[in-house]
Amino acid sequence: YRRGGTSMRPEFETPEDFHRWTQRQRQREIAEMQQLLVDARQIGCEALVQAHVGHSLARATYQQALGNTTTDAQRWQLVRESRDLPTWWRLRKALHHLYPTPTMAVKRWQQALKRARRR
C-alpha cells in the first residue's frame, strides 16, 4: 500500500488548513466525475454513468458550494435550496461549516484511532 500522495489525510493545525485541503480534494473529485460524464456522453452511455455518479456528484457539488460560502446566511440558504439531497445530510454538513472547531476535534480523534489500529 502506498503511503503519502494526495489522498492521505494530513494532520491539520487549524480549521482553515482543514478547509483548504478539503476544498482542493473535493475539486479534484468533482472534476473526475464531470470528466467521466463527458467521456460517457461522447460514447453514448451518459445515462448509465449518471446513474452511478450522479448522487456522489450532487453531494460533492453541494459541499463545494457550502465551502465557498462566506456567511451563515448563505449557508442556511444553500441548505434550504438544495432539496435534491437528504435534509439531515445537508444540515449535518452545514453544521460542520458553522462550527469548524468541534469538527476538527472529532476528526483528530478519528485520525488517532485510525493510526492506532494500523500499528
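The chain is numbered in sequence order, starting from 1.
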For this session: Check for a donor-acceptor pair, side chain of T103 on one end and backbone N or O of Y99 on the other, with a separation under 3.5 Å.
Result: yes
Exercise. Taking atom CG of L91 and atom NZ of K93, what is their separation to the nearest 0.5 Å?
Worked result: 11.5 Å
Exercise. If you count the non-hydrogen atoms of other residues, nucleotides and ligands that lie under 6.0 Å from CZ in R83, is the total more than 12?
Worked result: no
Exercise. Looking only at heavy atoms, which two atoms of T69 and R75 are closest? And how far apart?
Worked result: OG1-CG, 3.0 Å
Problem set entry | Interatomic distance, M33 atom CE to H52 atom NE2 [nearest 0.5 angstrom] | 14.0 Å
Problem set entry | Pairwise distance CG(L37) to SG(C45) - rounded to 0.5 angstrom | 9.5 Å
Problem set entry | Any side-chain donor near an acceptor of the partner, N68 and Q23, under 3.5 Å | yes
Exercise. Can L57 be reached from V38 by stepping across I, L, V, M, F, W or Y side chains whose heavy atoms are under 4.5 Å apart?
Worked result: no
For this session: Verify, without hydrogens or angle tests, whether R90 (side chain) and S82 (backbone) share a donor-acceptor contact under 3.5 angstrom.
Result: yes
For this session: Identify the heavy atoms of H55 and P86 that sit nearest to each other, and give their distance.
Result: CE1-CD, 4.4 Å
Problem set entry | pair R59-W89: side-chain heavy atoms closer than 4.5 Å | yes
For this session: Considering non-hydrogen atoms only, spot the tightest contact between D84 and A58 and give its length.
Result: OD2-CB, 4.0 Å
Exercise. Roughly how far, to the nearest 0.5 Å, is the CD atom of Q42 from the CG atom of D39?
Worked result: 6.0 Å
For this session: Could you tell me the separation between the CZ atom of R26 and the OG1 atom of T61, rounded to the nearest 0.5 Å?
Result: 10.0 Å
For this session: Return yes if some donor-acceptor pair links the side-chain N/O of Q74 with the main-chain N/O of T71 below 3.5 Å, else return no.
Result: yes
Exercise. In terms of side-chain heavy atoms, does R28 have a donor or acceptor partner in Q25 at a distance below 3.5 Å?
Worked result: yes
For this session: Without swapping roles, check the side chain of R108 against the backbone of F12 for a donor-acceptor pair under 3.5 Å.
Result: yes
For this session: Side-chain contact test, heavy atoms from C-beta onward, threshold under 4.5 Å: evaluate it for L66 versus H96 and give yes or no.
Result: no
Exercise. Hey, any chance L78 and W88 share a hydrophobic cluster, counting ILVMFWY side chains that come within less than 4.5 Å of each other, even indirectly?
Worked result: yes
Exercise. Do V53 and I43 share a hydrophobic cluster (ILVMFWY, side-chain heavy atoms under 4.5 Å, transitive)?
Worked result: no
Problem set entry | Pairwise side-chain contact, W76 with L98, heavy-atom cut-off 4.5 Å (strictly under) | yes
Problem set entry | Student check: side-chain heavy atoms of H19 and P100 closer than 4.5 Å | no
Exercise. In Å, rounded to the nearest 0.5 Å, how long is the span from CG of L36 to CD of Q50?
Worked result: 11.0 Å
Exercise. Is it the case that more than 12 heavy atoms not belonging to E13 sit under 6.0 Å from its CD atom?
Worked result: no
